[in-house]
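Treat the numbers as computed from the prediction; the structure is a model and nothing was measured.
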Amino acid sequence: MYDYIKGDIVELQPARTVLECGGIGYEFLISLQTYEYLQGKFKAQLFVYQYIREDELSFYGFASKDERELFKLLISVSGIGVGSARMMLSSLTDEEIRNAIIAEDINKIKSVKGIGLKSAQRLVLELKDKIIKGGGAEGPVLIADTVEAGVIDEATTALVMLGFAKANINKVLPDIIKKNPGIKVEGLIKEALKKL
């Protein structure tokens with residue numbers, strides 16, 4: 001399998017690009033995130049996801065490993081195909097997708113064309129724990145890089161015992177963690193109390 005392909009940008013459109021490498025033109029299906037990243041560039045390195053079906057062989061290209069890992073997580077969910085995953089990555093940023101799943105923000109996920117209520121619920125159900133534990137990310141947005149999942153669990157339990165709704169808690173904790181890398185349980189709870 002290919003990890004990445006580096007070459008000259010021969011064609012660039014919002015949904016596809018062609019990179020020439022070693023005299024061969026590779027066509028990639030891309031998200032709007034990757035399209036925006038490639039605009040104005042003459043050379044690029046795209047991380048590859050090779051999609052194979054009996055009647056189809058396609059390359060999906062991503063500007064970062066982080067975006068590719070999130071794509072792989074999304075398509076691991078039953079009912080979410082490569083088209084839906086690419087649409088999600090075109091409609092929302094990686095971080096917005098992760099935060100929506102962690103916060104169980106079904107409406108935000110449903111706002112993506114082609115994602116209905118059941119698919120949105122399934123995404124939350126199947127991916128929330130994986131994302132909190134650091135699945136589908138390699139960069140600084142990875143929660144497990146900044147705060148261990150146990151700290152989040154402890155803070156959530158304490159806040160629920162204080163009478164706050166879990167849905168509200170899940171909305172504020174990711175923002176606090178993002179702004180305060182390495183925060184301890186006590187600090188996390190104090191900051192959350194200011195926002196709840």
Could you walk me through whether Phe164 and Leu193 pass the side chain to side chain contact (heavy atoms under 4.5 Å, CB included) test, one step at a time?
-> CA-CA 9 Å; Phe164 294 100; Leu193 288 172; 3.5 Å; yes

Where the side chain of Ser91 meets the backbone of Met87, is there a donor-acceptor pair that is under 3.5 Å apart?
->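 Judged by distance alone, yes, a pair lies under 3.5 Å.
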
Spell out, as yes or no, whether a donor-acceptor pair under 3.5 Å connects the side chain of Arg122 to the backbone of Val77.
-> no

So, the side chain of Thr34 versus the backbone of Phe62: is there a donor-acceptor pair under 3.5 Å, distance only?
-> no

Check: Ser90 side chain, Arg86 main-chain N or O, donor-acceptor pair, under 3.5 Å = yes

Is a side-chain N or O of Arg68 found less than 3.5 angstrom from the main chain of Asp3, in a donor-acceptor match?
->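 Yes; at least one donor-acceptor contact below 3.5 Å.
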
Parallel, tilted or perpendicular: which describes the rings of Phe59 and Tyr26, with under 30° parallel and over 60° perpendicular?
-> tilted

Inter-residue atom distance Ile30.CD1 - Arg16.CZ, 0.5 Å rounding |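 That separation rounds to 9.0 Å.
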
Could you tell me whether Tyr51 atom OH has more than 12 heavy atoms of other residues or ligands within 6.0 Å of it?
->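 Counting other residues, nucleotides and ligands, OH of Tyr51 exceeds 12 neighbours.
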
For Ile189 and Ala158, the nearest pair of non-hydrogen atoms, with its separation, is CD1-CB, 3.7 Å

Nearest 0.5 Å, what's the NZ-NZ distance between Lys184 and Lys190?
-> 13.5 Å

Just by distance, do the side chain of Glu56 and the backbone of Arg53 share a donor-acceptor pair under 3.5 Å?
-> no

Near Lys113 NZ, under 6.0 Å, is it more than 12 heavy atoms from other residues, nucleotides or ligands?
-> no

Can a salt bridge be assigned to the pair Glu191 and Lys194 using a cut-off of 4.0 Å between side-chain N and carboxylate O?
-> yes

In sequence, state the C-alpha distance, the side-chain angles, and the governing distance for Leu74 and Ile97, and then conclude on side chain to side chain contact (heavy atoms under 4.5 Å, CB included).
-> CA-CA 10 Å; Leu74 293 172; Ile97 293 169; 4.3 Å; yes

Heavy atoms only: give me the nearest Leu19-Ala44 pair and the separation to one decimal.
-> CD1-O, 3.9 Å

Supply the atom-to-atom distance Ile102 CD1 to Glu104 CD, rounded to the nearest 0.5 angstrom.
->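 Here the interatomic distance stands at 10.5 Å.
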
Rounding to 0.5 Å, atoms CG (Asp66) and CZ (Phe47) come to a distance of 10.5 Å

What closest approach, in Å, do Leu127 and Leu73 show between heavy atoms, and which atom pair accounts for it?
-> CD2-O, 3.7 Å

Nearest heavy-atom pair of Lys130 and Ser76: which atoms, and what distance?
-> NZ-OG, 4.3 Å

If you measure from CG on Leu70 to NZ on Lys65, what distance do you get to the nearest 0.5 Å?
->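 Here the interatomic distance stands at 15.5 Å.
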
Side chains of Thr17 and Leu12 in contact at under 4.5 Å (non-hydrogen atoms) =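 Thr17 reaches Leu12 side chain to side chain.
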
If you measure from OG on Ser111 to CD1 on Ile106, what distance do you get to the nearest 0.5 Å?
->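 The CD1 atom of Ile106 is 11.5 Å from OG of Ser111, to the nearest 0.5 Å.
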
Can you tell me if NZ on Lys195 sees more than 12 non-hydrogen neighbours from other groups inside 6.0 Å?
-> yes

Would you please say whether a donor-acceptor pair under 3.5 Å links the side chains of Gln33 and Tyr37?
->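 The criterion, which ignores hydrogens and geometry beyond distance, is not satisfied for Tyr37 and Gln33.
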
Over all atoms of both residues, closest heavy-atom pair of Leu123 and Ile101 = O-CG2, 4.0 Å

Looking only at heavy atoms, what is the nearest atom pair of Ala120 and Ile115, with distance?
-> N-CG2, 3.9 Å

